[in-house]
Amino acid sequence: MPEGKGKKIFFIIDCAGIAGDTSMMCKRLMESKGYDAFYFNHIYMPNNFFLPWMPFNLWVKVPENEKLNKMLLSAEKRLQKMCSSVLNLETRFEGTGFLWNCIGWFQRKMEFVLNFYKNKFSIAKEKCVDCGLCLKVCPTGNISKTEDGKIVFGSNCIMCVKCYNLCPKDAILICKKTINNEKYKRYKGPNHKIKPTLYRK
């Protein structure tokens, strides 16, 4: 990012659980670049990360139907209040204090869990229809196709799980167990009218 030169900046952080000290890390980073970081808040969104061996999934499921609608409605109301606060230049720093710092520290120590999953991506060939959506929605260009049509996963994965969740045929697997669509639900987004961001053609 360019130097802030005193420009005001705010963050609204979305997560499916506990954001830890994310806001404070962002605040320190932005202030080091010269920005006036005046507002940080959290908004809770549906879980899109439901995988085998993930302890978090024991209590946070992928919401569906009425539960999903209620969660999105609650998020929208909370977001409206946040927008009003930002427009009024109210100062707020959600996620401060010793407890949040401890949670953030613990979350960063769990990075090995994400690295474990990064090496588990594969394709269920019998399901794949060669639509190429996985290549288009990957923000880091981590997915490519060889000359003979084989899908290859590189080393730049950030575990956004867009390819996994948005595959129309659920052909992308993160470990073999996820071929069971009933047990390992995938988050397809709030509704079918919202199109996913495509990072490449």
Side-chain angles (χ1 to χ4, degrees), residues 1-2 11-17 19-20 22 25-26 29 43-65 67-69 71-72 75 106-201:
M1 292 183 69
F11 281 81
I12 294 176
I13 301 158
D14 64 85
C15 63
T22 305
M25 293 189 70
C26 292
L29 178 62
I43 187 167
Y44 296 97
M45 295 296 287
N47 179 26
N48 70 339
F49 202 82
F50 194 83
L51 299 174
W53 312 299
M54 177 62 72
F56 178 71
N57 293 150
L58 293 174
W59 63 89
V60 182
K61 309 292 185 182
V62 174
E64 296 180 291
N65 305 321
K67 186 176 181 181
L68 173 60
N69 292 333
M71 184 176 240
L72 293 173
F106 178 75
Q107 288 172 328
R108 285 187 286 282
K109 292 299 180 183
M110 296 296 290
E111 185 179 359
F112 72 90
V113 175
L114 296 181
N115 291 332
F116 167 79
Y117 285 115
K118 287 179 185 179
N119 299 318
K120 301 295 182 183
F121 281 81
S122 65
I123 298 289
K125 294 180 181 179
E126 68 277 11
K127 288 186 172 187
C128 181
V129 293
D130 199 29
C131 68
L133 183 63
C134 55
L135 284 72
K136 298 173 185 177
V137 299
C138 179
T140 62
N142 189 59
I143 306 173
S144 59
K145 185 185 289 188
T146 63
E147 290 184 0
D148 60 356
K150 182 181 178 182
I151 298 292
V152 177
F153 299 92
S155 58
N156 296 321
C157 178
I158 56 172
M159 285 304 292
C160 69
V161 293
K162 287 183 179 181
C163 61
Y164 171 75
N165 282 315
L166 298 178
C167 176
K169 298 298 181 180
D170 296 338
I172 293 184
L173 308 180
I174 305 180
C175 83
K176 301 298 182 182
K177 287 178 177 287
T178 56
I179 200 166
N180 185 341
N181 295 340
E182 289 302 312
K183 186 172 182 180
Y184 299 104
K185 298 287 186 181
R186 305 185 189 211
Y187 180 62
K188 299 297 184 180
N191 59 57
H192 295 297
K193 295 179 182 178
I194 298 177
K195 303 297 182 183
T197 300
L198 302 181
Y199 293 93
R200 51 199 52 81
K201 295 182 180 180

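Hydrogens, waters and symmetry mates play no part in the numbers below; they use all other heavy atoms, side chains included. Residues take their numbers from the sequence shown, with the count starting at 1.
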Which pairs would a plain distance check flag for residues 47-54, meaning a side-chain donor or acceptor within less than 3.5 Å of a matching protein atom at least two apart in sequence or in another chain?
unit_1, atom_1, unit_2, atom_2, d
N47, OD1, F49, N, 2.9
N47, ND2, V60, O, 3.1

Evaluation steps, side chain to side chain contact (heavy atoms under 4.5 Å, CB included), between I143 and C163
CA-CA 9 Å; I143 306 173; C163 61; 3.7 Å; yes
So the ring pair (Phe, Tyr, Trp, His ring centres under 6.0 Å) pairs with at least one residue in residues 160-183 (sequence neighbours excluded) are none
**Prompt:** Is T178 reaching over with its side chain to a backbone N or O of L173, donor-acceptor style, under 3.5 angstrom?
**Reply:** no
Rounding to 0.5 Å, atoms CD1 (I151) and SG (C128) come to a distance of 6.0 Å
* Are there more than 12 heavy atoms of other residues, nucleotides or ligands under 6.0 Å from atom CE of M25? -> no
Counting heavy atoms not belonging to K176, are there more than 12 under 6.0 Å from its NZ? no
Taken to the nearest 0.5 Å, the spacing of T22 OG1 from D14 CG works out to 10.5 Å
For side chain to side chain contact (heavy atoms under 4.5 Å, CB included), just list the numbers for I179 and K127, CA-CA rounded to whole Å, side-chain angles, deciding distance to a tenth of an Å, and then say yes or no. CA-CA 10 Å; I179 200 166; K127 288 186 172 187; 4.0 Å; yes
Note: E182-K185 ion pair, threshold 4.0 Å (strictly below): yes
Across all chains, not counting sequence neighbours, the side chain to side chain donor-acceptor pair (under 3.5 Å) partners of R108 are D21
Taken in chain and number order and not counting sequence neighbours, the residues that satisfy side chain to side chain donor-acceptor pair (under 3.5 Å) with T146 are D148
Residues at least two apart in sequence or cross-chain that pass ring-ring contact (aromatic ring centres under 6.0 Å, His included) with Y117, listed by chain then number, are none
Distance-only criterion, 3.5 Å: show the donor-acceptor pairs between side-chain atoms of residues 194-201 and protein atoms not counting sequence neighbours.
unit_1, atom_1, unit_2, atom_2, d
Y199, OH, K162, NZ, 3.0
R200, NH1, L135, O, 3.2
R200, NH1, C138, O, 2.3

Applying side-chain contact (heavy atoms from CB on, under 4.5 Å) to Q107 and not counting sequence neighbours gives I18, I103
(message) Main chain of Y187, side chain of N165: is a donor-acceptor contact present, judged purely on distance under 3.5 Å?
(response) yes
Next on the checklist: For F116, I'd like to know if atom CZ has over 12 heavy atoms of other residues, nucleotides or ligands within 6.0 Å.
Outcome noted: yes
Residue set satisfying side chain to side chain donor-acceptor pair (under 3.5 Å) with D170, at least two apart, ordered chain then number -> N181, K188
Exercise. Does a side-chain heavy-atom distance below 4.5 Å link L72 with M45?
Worked result: yes
By ring-ring contact (aromatic ring centres under 6.0 Å, His included), F121 pairs with (sequence neighbours left out) F153
Contacts of K67 meeting side-chain contact (heavy atoms from CB on, under 4.5 Å) (sequence neighbours excluded), chain-then-number -> P63
Sequence neighbours excluded, the answer for side chain to side chain donor-acceptor pair (under 3.5 Å) partners of D130 is K145
Sorted by chain and number, sequence neighbours left out, salt bridge (charged side-chain N to carboxylate O under 4.0 Å, His left out) with E111 holds for none
Problem - Sidechain-backbone polar pair: R186 side chain, V62 backbone, donor-acceptor under 3.5 Å - result: no
_Is it the case that the side chain of N142 and the backbone of N156 share a donor-acceptor pair, with hydrogens and angles ignored and the cut-off at 3.5 Å?_
yes
